[in-house]
Number of protein chains: 2
Amino acid sequence: MAVVTIKDIAKAAGVSPSTVSRVVSNHPRISKETSRKVKRIMEEMGYHPNVMAKSLVSKTTQTLAILLPRPAEELFKDFFFGELMRGILAHSTRAGYDMMLAAATSPQDEDDTISRLVFGRRVDGIILLSSRVDDPLIERLDKHKFPTVLIGRSEGQPHILSVDNDNVKAAYDATHHLIIQGHERIGFVSGLPNLTVSLDRMEGYRKAMNEAGLSVRPEWIVEGEFLQHSGYRAMSFMMSLPEKPSGLVVIDDVVGFGVLHGLTELGYTVPEDISLVSFNNIALSELATPPISSIDIGTYQLGYTASQMLIRRIQAETIHQNRVIIPHRLIVRDSSVHSISKRNS
Amino acid sequence: MAVVTIKDIAKAAGVSPSTVSRVVSNHPRISKETSRKVKRIMEEMGYHPNVMAKSLVSKTTQTLAILLPRPAEELFKDFFFGELMRGILAHSTRAGYDMMLAAATSPQDEDDTISRLVFGRRVDGIILLSSRVDDPLIERLDKHKFPTVLIGRSEGQPHILSVDNDNVKAAYDATHHLIIQGHERIGFVSGLPNLTVSLDRMEGYRKAMNEAGLSVRPEWIVEGEFLQHSGYRAMSFMMSLPEKPSGLVVIDDVVGFGVLHGLTELGYTVPEDISLVSFNNIALSELATPPISSIDIGTYQLGYTASQMLIRRIQAETIHQNRVIIPHRLIVRDSSVHSISKRNS
DNA sequence: CTGAAAGCGCTTACAG
DNA sequence: CTGAAAGCGCTTACAG
C-alpha cells in the first residue's frame, strides 16, 4: 500500500500541511475554494489520515474496550454474551467509537492487558463485564479515575459507574412465582460464588422463601458454572436426594437447558414433576421443550446503556445517575405452569 | 491520571530517553546496572509506554480487526458467532494481538470503517466474516495487499487467504444421511441467497439428491435468514404443501430450532413425521427435544485458524496454503434417526 | 484565510 | 554501552 501523508497532499495542492489538516477537520476559516481543491486532491491520491498520529496529538482514541472476565473461553459459551455485545456495539458504533475486545487468560495477564490498553492510552474508556466480589481491577481503574462502566455492581466502589439489574428482586420474583404455584420445596441452582450476580440472586431466593415461611435446605442449593453441563450435574444431585425439590430456580437459561435435558432423560416431566424458572431469557428459551420460563433482564439494554454512560463520561457530560438499574420481567412459559394448556400433550 | 513519559523517567534516572527506550525493549547492549535502575524508577513512577506513539514510529499496531458483516445486529443472534470468536481470540491473544470489533451498519458505513481502520493504519490485519457473493470489499482489500483472511470463500480473488469448510460436501453428507434413512422427499431450508455458504450448501443438497435419482421440487427449497423465526416460517410453508417433505436439511441450528418448535406446535413428531439435520452443531443442539442432528463444522477451529493465518501473513512468514479447509463431521442425534432407542417415549 | 514552528511520545540509525 | 538528533504523521496556538 502506498502511504500518502498530509505532506504529500500539501505539496500537490500547493498549500501547507496545516491547511490540509484544517480541511480534513472542516475548520471554519478555510476558503471554499481551497477546501474544494484540497479535497479533490485527497480523493485523487487516496489520502487517509493516520489514526495513530492523530491520537497521539489529540490524546483521544475514539475507542473503547470490553474487558472479558477471566475465563473468557467460558463466557462465549453463554449466549447471553452475544446479546450484550449487540447492545454495546449498537450504541458505540452510532457514537463513532470503535470497540476493542480484550481477553485475559490469567490474573497476571489481566493486569498486563489493562496496563497496555488503559495506561498505554490505547482506549478512552472501558466496560467491565461480570463483577466479581472484591475485584482489585475495579479499584485500580477507579483510583486512576479512568472512565469505566461496570456491568454488575461493586461493593467497594459505590460511586463507580455501573449498569445492573436488581438481581435480588429478580430472583425474588422468580421464586415467588413458583411459590404461588403451590411449590414448597424449591431449590436454587447458582453460579460461581465469587460473582455478585450469584450472591444477589441467592439472596432474592432466600428472601422469598423466608417471607413465605418455607425452609431452605442446604442441599437444595447447588453452585456451578454458567454451562449446561453444570445444570445437568446439579440436577442429578438434587434428584438423588431423599426429599427432592419440586421447583427449581436456575441462575441462567443455558444451565436451565442442562437441567431440563437431564430431567427429561431421567424420565421426569416438566412442569408436572419439577417446575423450572431461569434467568436471561436467551432467544432459545422459548424454543425448548417445554418452553422455559425466564426472567428477561433486558440484556440488550444493559449493553446499550453501559456504552451510553461510558461515552457520556468520556465526553465529560453530566451523568445523572452513577448506577442505572435495568428493569427485568418474568416471562412465564410452560416450564413453570401446569394450568397453561399444553399444545401437544 | 498523571502521565509519565519516557522523558520523565530519563530525567529521574539521569540517562537519556534513548536509553530508557532501549531498556523498555530489552535492547541487548544495555548494562545490567542501568537497566535495573531504570526499571526500578519506571516501577516507582508508574510508567507505561504510550501505545500510539510506539505505533506511529513502528508502523505496526499489534491489533487485528474483525469486520462484522452488515447486519451485525442479526449475527449476534446466531450463537455460532460466539464460538467463532472464542477461536479467534484464543489464538490472537496468545500471539500478543489485540482484537478490534468493527460493526458496519450500511455499505457506506462499511467503507468508512474500512478506510478508518485499514487505510488509517489502525490495525495490522483484518478478518472478514461471512462471504457474500461478489463482495467489493474483498477486492478492495486484496488490491491494496492488506493482510486479510476471509472466513468463507471468494470467487473473484482465488488467491486471497481463506478458511472455510467444504460446504458442498457437508450438505451432501447431511442430505445423503437422510437419503439412506429412506427419505425420498427432502427439503432444504436455506439462508440468504447472497451468501456463499447458502449457495454451497444448496449445491451439495442438489448433488446428493441428483445422485440418488431423487427429484428436487422448487417448493421444497425455502430461503430465509439465520434466525429461528425463519425456520418457523419455512416450516409452516412446507407443511402446507399438498406433498410435504419427510426430511429437512436446515442451514443452521438456530433455524433448526425454529423448525423443530413449529413442527412440535403443529403436532408433528420428529423424527417420525419429519426428520431433521442442520449445521453448525451449537452447544444447545444436543439439548433440544429431540436432540438435533447437526454437521459440526469445527467453528472454533475455523476462528483459530483464521487468526493463525492472518498473523503469519502479517509477520511475513511463509504460508503453505492460501486456502484451508476445516473438516466437518455429521453428529447423528435423534432428530434424524428412527432406530435409536428413544429414552423417554 | 493561511503558514511556520513546536510538539504529541516514542524509536533508531549514527557517532562516540 | 550510551547520547543527540531526526523523524513517525498529525494538530494547534501564534502570527500575519
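Convention: sequence-line order gives letters A, B, ...; per-chain numbering from 1.
What separates NE2 of B:H48 from C1' of C:dC10 is a distance of 16 Å, to the nearest Å. Distance NZ (A:K7) to P (D:dG7): 8 Å, rounded to an integer number of Å. What separates CZ of B:R116 from P of D:dG9 is a distance of 20 Å, to the nearest Å. The interatomic distance linking A:N50 (CG) with C:dC10 (P) rounds to 17 Å, in whole Å. B:Q62 has its CD atom 17 Å from the P atom of C:dC10, to the nearest Å. In this structure, A:L56 places its CG atom 12 Å from P of D:dC10, rounding to the nearest Å.
The environment of A:E43 atom CD is sparse: at most 12 non-hydrogen atoms of other residues, nucleotides or ligands sit within 6.0 angstrom. Within a 6.0 Å sphere centred on CD of A:E155, other residues, nucleotides and ligands contribute 12 heavy atoms or fewer. Within 6.0 Å of CD in A:E317 there are more than 12 heavy atoms belonging to other residues, nucleotides or ligands.
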For nucleotides 1-4 of chain C, tabulate all protein N/O to nucleotide N/O atom pairs closer than 3.5 Å, reporting atom names and distance.
unit_1	atom_1	unit_2	atom_2	d
C:dT2	OP1	A:S31	OG	3.4
C:dT2	OP1	A:T34	OG1	2.4
C:dT2	OP2	A:S31	N	3.1
C:dT2	OP2	A:T34	OG1	3.4
C:dG3	OP2	A:S16	N	3.0
C:dG3	OP2	A:S16	OG	3.1
C:dG3	OP2	A:T19	OG1	2.4
C:dG3	N7	A:R22	NH1	3.1
C:dG3	O6	A:R22	NH2	2.5
C:dA4	N7	A:S18	OG	3.3
C:dA4	N6	A:S18	OG	2.8

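Base pairing of C:dC1 is made with D:dG16, judged by Watson-Crick or G-U wobble geometry with both donor-acceptor distances under 3.5 Å.
D:dT12 and D:dG16 are spaced 16 Å apart, taking the C1' atom of each and rounding to whole Å.
A donor-acceptor contact under 3.5 angstrom links the side chains of B:S16 and B:T19, judged on distance only. A donor atom on one side chain and an acceptor atom on the other are found under 3.5 Å apart for B:S115 and B:R140.
Of the residues near DNA chain D, B:V57 and A:V20, the one whose nearest nucleotide (by heavy atom distance) lies more toward the 5' end is B:V57.
Dashed line: the shortest gap from a side-chain N or O of A:K59 to OP1 or OP2 of C:dG9 is under 4.0 Å.
Using a 4.0 Å cut-off between charged side-chain N and carboxylate O, B:R40 and B:E44 make a salt bridge.
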